[in-house]
**Student:** 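Before anything else, here's the structure in question.
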Amino acid sequence: MSQKLTFIGAGNMASAIFGGLLRQGYAATDITATSPEAEALRRIRERYGINTQNDNVAAVAQADVVVLAIKPQVVRDVCLPLCDAIRQRSRPPLIISIVAGIEAETISHWLGGGLPVVRCMPNTPALVGTGASGLFANAHCSTEQRELAGQLLGAVGLVEWVDNEPLIDAVTAVSGSGPAYFFMFFSAMEDAGVALGLPRAIARRLALQTGLGAARMALAGDKSPAQLMRDVMSPQGTTERAITTFEYHELNEIVHAAMEACALRAREMRSDFV
Ligand SMILES: NC(=O)C1=CN([C@@H]2O[C@H](COP(=O)(O)OP(=O)(O)OC[C@H]3O[C@@H](n4cnc5c(N)ncnc54)[C@H](OP(=O)(O)O)[C@@H]3O)[C@@H](O)[C@H]2O)C=CC1
Ligand SMILES: O=C(O)[C@@H]1CCC=N1
């Protein structure tokens, strides 16, 4: 994979992906990131050793792959000025958009139309090589471009393809935003552990290790998470009491409502920011 990658935007998610790629041995000299903030670019250069640019037009000129890693609010204003630079290319770059909500066709249109676009919904654990990304390729993508996008995101974690673009909103609700749900749950477990008398540092380590162990165990075996939950519950034991309490407070309904709201917000962004 010696493709020239340009990240438009060098924030949380871009640095999680290029940080993960660098950890996998991707050449720093093949990665460029852009930002309007000179100070942000200096920090990125110092920390990651990649190329930086404050001129998006110049940064896309030589790129094989352009990763759009800016906020949905600014994506239109960032894309429109890139249109000429992309049109002038004999072979247009592959566009990978990680922007929540905004459709591949809209992005292609803003960049000049008829472009190969892979919409990707990654997540921040990409930074530690344990990301989970959902990908959708538009009809202009070649098999090689699909494979390239899969390899790039695959270097930082799990890749799952969907063949229906609206499903990217569902991916956003499960894995794109998902790390935040677990961080919230870990934080709540830590606080509850402290309330029960544990030192905070110990409560945190126990909660995090338990999450890691539970995920590893579920991934390693054939049992469903629901079955694994039942396996922990001894009749009339402690876990049963905890699970009954979660059920009484309708945890399942809360999770459904939160994830529906998440997917709905992704859909709303199409009208808010287009
Ligand atoms: N964070 C997450 O967990 C995930 C985010 N996403 C998507 O990734 C995208 C980026 O999110 P995230 O990384 O969290 O956001 P950040 O705010 O951390 O990063 C966005 C970056 O874009 C920069 N930027 C703003 N304007 C321009 C411009 N004209 N040219 C180049 N760069 C510019 C910002 O610079 P400055 O700060 O100076 O304005 C900032 O560094 C979003 O569209 C989001 O939907 C997808 C999956 C997960
Ligand atoms: O909150 C957001 O809008 C982005 C998209 C998925 C995760 N963060």
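Atoms within each ligand, like the ligands themselves, are counted from 1 in listed order. Only a predicted model underlies this, so the values are computations on that prediction, with no experimental measurement involved. Numbering of residues begins at 1 and proceeds along the displayed sequence.
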**Student:** Can you spot which of R43, R42, R45 makes a side chain to side chain donor-acceptor pair (under 3.5 Å) with T52?
**Tutor:** R45
**Student:** Can you tell me if A40 contacts ligand 1 (heavy atom of the residue under 4.0 Å from the ligand)?
**Tutor:** no
**Student:** Would you tell me which option among M13, M121, K71, M269 has the nearest heavy-atom contact to atom 15 (O) of ligand 1?
**Tutor:** K71
**Student:** Does any N/O atom on I70 come nearer than 3.5 Å to any N/O atom on ligand 1?
**Tutor:** yes
**Student:** Only pairs under 3.5 Å count here: list side-chain donor-acceptor contacts from residues 177-190, not counting sequence neighbours, and write none if there are none.
**Tutor:**
unit_1, atom_1, unit_2, atom_2, d
Y181, OH, A173, O, 2.5
E190, OE1, R204, NE, 2.7
E190, OE2, R200, NH1, 2.7
E190, OE2, R204, NH2, 3.1

**Student:** My understanding is that we take every heavy atom of each candidate and find the minimum distance to atom 18 (O) of ligand 1. Doing that for I8, D77, N12, which one comes out nearest?
**Tutor:** N12
**Student:** Nearest to atom 3 (O) of ligand 1, what protein heavy atom do you find, and at what distance?
**Tutor:** T124 CG2, 3.4 Å
**Student:** Pick whichever of S97, P36, S177 has a heavy atom sitting closest to atom 25 (C) of ligand 1.
**Tutor:** P36
**Student:** Looking only at non-hydrogen atoms, which of M121, M269, R265 approaches atom 3 (O) of ligand 2 most closely?
**Tutor:** M269
**Student:** Please examine the side chains of D64 and P93, heavy atoms only from C-beta on, and report whether any two atoms are closer than 4.5 Å.
**Tutor:** no
**Student:** Against heavy atoms of G176, which atoms of ligand 2 measure under 4.0 Å?
**Tutor:** 6 (C), 7 (C)
**Student:** For atom 8 (O) of ligand 1, what's the nearest protein heavy atom and its distance?
**Tutor:** I98 CD1, 3.4 Å
**Student:** Hey, is atom 6 (C) of ligand 2 under 4.0 Å from any protein heavy atom?
**Tutor:** yes
**Student:** Could you name each residue pair satisfying side chain to side chain donor-acceptor pair (under 3.5 Å) that touches residues 210-223, not counting sequence neighbours?
**Tutor:** K223-D231
**Student:** Does any N/O atom on A100 come nearer than 3.5 Å to any N/O atom on ligand 1?
**Tutor:** yes
**Student:** Just to confirm my output: which protein heavy-atom neighbour is closest to atom 10 (C) of ligand 1, and how far is it?
**Tutor:** A69 O, 3.5 Å
**Student:** Run the side-chain contact (heavy atoms from CB on, under 4.5 Å) test on L152 and Y26 for me, step by step, so that the C-alpha distance in whole Å, both residues' side-chain angles and the decisive distance to 0.1 Å come before the verdict.
**Tutor:** CA-CA 10 Å; L152 289 172; Y26 208 95; 3.9 Å; yes
